[in-house]
Student: 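Provided herewith is a single structure, encoded as structure tokens, for subsequent inquiry.
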Amino acid sequence: MRLIALFLLHLYCSTQTSGANIQITPNGTDGVIQATLNDTVTLVCESEGDTEDENELVWLRNGAKINLQEGNKKGSSRVCISPVIYEDKGATFSCYLHSNASVTASVTLNVTYAPQLSGLEQVTVEEDEMLVLRCDMRANPLVSSMLWKLNGSMVDLQAEGFTVTSDGVTSVLQASRVEKSVHGGTYECTATSPIYNTLTKSFNVTVTEKTMKFPLMPMIAGLVVVFLTALLAIVSRWRKITKCCK
Ligand SMILES: *[C@@H]1O[C@H](CO)[C@@H](O)[C@H](O)[C@H]1NC(C)=O
Ligand SMILES: *[C@@H]1O[C@H](CO)[C@@H](O)[C@H](O)[C@H]1NC(C)=O
Ligand SMILES: *[C@@H]1O[C@H](CO)[C@@H](O)[C@H](O)[C@H]1NC(C)=O
Ligand SMILES: *[C@@H]1O[C@H](CO)[C@@H](O)[C@H](O)[C@H]1NC(C)=O
Ligand SMILES: *[C@@H]1O[C@H](CO)[C@@H](O)[C@H](O)[C@H]1NC(C)=O
Ligand SMILES: *[C@@H]1O[C@H](CO)[C@@H](O)[C@H](O)[C@H]1NC(C)=O
């Protein structure tokens, strides 16, 4: 406690002695501003100093300069984050005095979002081909579980040649060689989140008959050529042989 008090006192003193101070509004709780995806967040940075109008301000997003228009730099400057995107999660916006970079203030965005899971997707896959179904699992806070069901029961990873993988962004269900009786039906992926309700996306998977993937006509043509060449060779050889026997 005493350390914190000393620290605050020091901060207070140093900003006072230089006669300059800047502040970002809103400054959130403990410097963290809560937002959801697609929100608009407006941040205002204001300098309070002796020579207020001369105090040019600079904004940074994660250390990279934000381009500001003339007239949005002196004394007070505004940045608008619209829309808030996934990448804004944890992004730090800071503002400092152009004349003295140690006079600075910053806030961090915390973006909350649920996985984008809804609706019914129609999927057609040929027998013996690979089935790949994907579900978004990007969420803040993280999803606590992601479940895959087929016709209402849990997908049997052991029995039916399914694999489920995830890279933290997408959950992928795969079956390498599709069989109509085993893999056709209605699939669902369901994400459970600590703050959103459970979210589900469905897939209606239809397995169709295998079509001939071979290039059949060119192959027949090729075989015919080979056969005719062989025949000609035999015929000419036969002529030679018969000639020589005469
Ligand atoms: C810049 O600001 C810091 C902190 O307010 C202060 O200690 C320092 O003297 C200032 N430097 C200049 C060159 O004004
Ligand atoms: C946050 O803003 C409030 C009101 O503008 C101000 O009183 C407070 O000192 C600020 N906190 C920080 C950490 O800058
Ligand atoms: C955000 O906007 C995009 C594009 O307009 C939309 O596809 C998406 O569903 C929106 N997300 C949320 C959580 O509102
Ligand atoms: C961000 O928001 C989420 C959801 O409200 C919360 O669980 C998490 O603790 C917050 N993170 C920070 C750094 O504030
Ligand atoms: C799932 O249900 C559909 C429609 O009732 C059925 O045609 C299909 O064979 C079922 N799939 C499995 C793997 O039981
Ligand atoms: C699933 O697909 C089959 C074949 O395309 C179709 O007959 C059936 O109506 C679909 N079911 C749903 C719920 O969309």
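Just the heavy atoms: all of them, side chains too, but no hydrogens, waters or symmetry mates, feed the values below. Order of listing sets the numbers, starting from 1, for every ligand and every atom in it.
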Student: If you measure only the distance, is there a donor-acceptor pair under 3.5 Å linking the side chains of Ser94 and Ser106?
Tutor: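 The criterion, which ignores hydrogens and geometry beyond distance, is not satisfied for Ser106 and Ser94.
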Student: For atom 13 (C) of ligand 3, what is the nearest protein heavy atom, given as residue, atom name and distance?
Tutor: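 Result for atom 13 (C) of ligand 3: Gln116 NE2, 3.8 Å.
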Student: What residue and atom, counting heavy atoms only, is the protein's closest point to atom 2 (O) of ligand 6, and at what distance?
Tutor: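 Answer, as residue, atom name and distance: Asn204 ND2, 2.3 Å.
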Student: What are the atoms of ligand 1, with element, lying closer than 4.0 Å to any heavy atom of Val103?
Tutor: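 Answer, ordered by atom number: 2 (O), 5 (O).
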Student: Under 4.0 Å from any heavy atom of Ser102, which atoms of ligand 1 are there?
Tutor: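 What qualifies from ligand 1 is 1 (C), 2 (O), 3 (C).
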Student: Does atom 9 (O) of ligand 6 have any protein heavy atom closer than 4.0 Å?
Tutor: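 There is no protein heavy atom less than 4.0 Å from atom 9 (O) of ligand 6.
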Student: With heavy-atom distances below 4.5 Å as the criterion, would you say the side chains of Asn110 and Lys89 are in contact?
Tutor: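 Asn110 reaches Lys89 side chain to side chain.
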Student: Quick check: are there more than 12 heavy atoms from other residues, nucleotides or ligands sitting under 6.0 Å from CG of Asp167?
Tutor: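 Atom CG in Asp167 is crowded, with more than 12 foreign heavy atoms closer than 6.0 Å.
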Student: What atoms of ligand 6 come within less than 4.0 Å of a heavy atom belonging to Gln122?
Tutor: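 Once the distances to Gln122 are compared, the set is 1 (C), 2 (O), 14 (O).
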Student: What protein heavy atom is closest to atom 5 (O) of ligand 6, reported as residue, atom name and distance in Å?
Tutor: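 Scanning the protein heavy atoms, the shortest distance from atom 5 (O) of ligand 6 goes to Thr206 OG1, 3.5 Å.
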Student: Please say whether more than 12 non-hydrogen atoms of neighbouring residues, nucleotides or ligands are located less than 6.0 Å from CD in Gln122.
Tutor: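 It does: Gln122 CD has more than 12 such atoms within range.
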Student: Any idea which protein heavy atom is nearest atom 3 (C) of ligand 3, and the distance to it?
Tutor: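 Looking only at protein heavy atoms, the one closest to atom 3 (C) of ligand 3 is Asn38 ND2, 3.6 Å.
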Student: Should the proximity of Leu120 to ligand 6, defined as any heavy atom under 4.0 Å, be assigned to the side chain, the backbone, both, or neither?
Tutor: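 The side chain, only.
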Student: May I have the step-by-step check of side chain to side chain donor-acceptor pair (under 3.5 Å) for Thr190 and Thr200, ending in yes or no?
Tutor: CA-CA 4 Å; Thr190 300; Thr200 297; 3.1 Å; yes
Student: So for atom NZ, which belongs to Lys149, do other residues, nucleotides or ligands contribute more than 12 heavy atoms lying within a distance under 6.0 Å?
Tutor: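 At most 12 heavy atoms, drawn from other residues, nucleotides or ligands, come within 6.0 Å of this atom.
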Student: How far apart are the closest heavy atoms of Asn140 and Val111, and which atoms are they?
Tutor: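 It is ND2-O, 2.6 Å.
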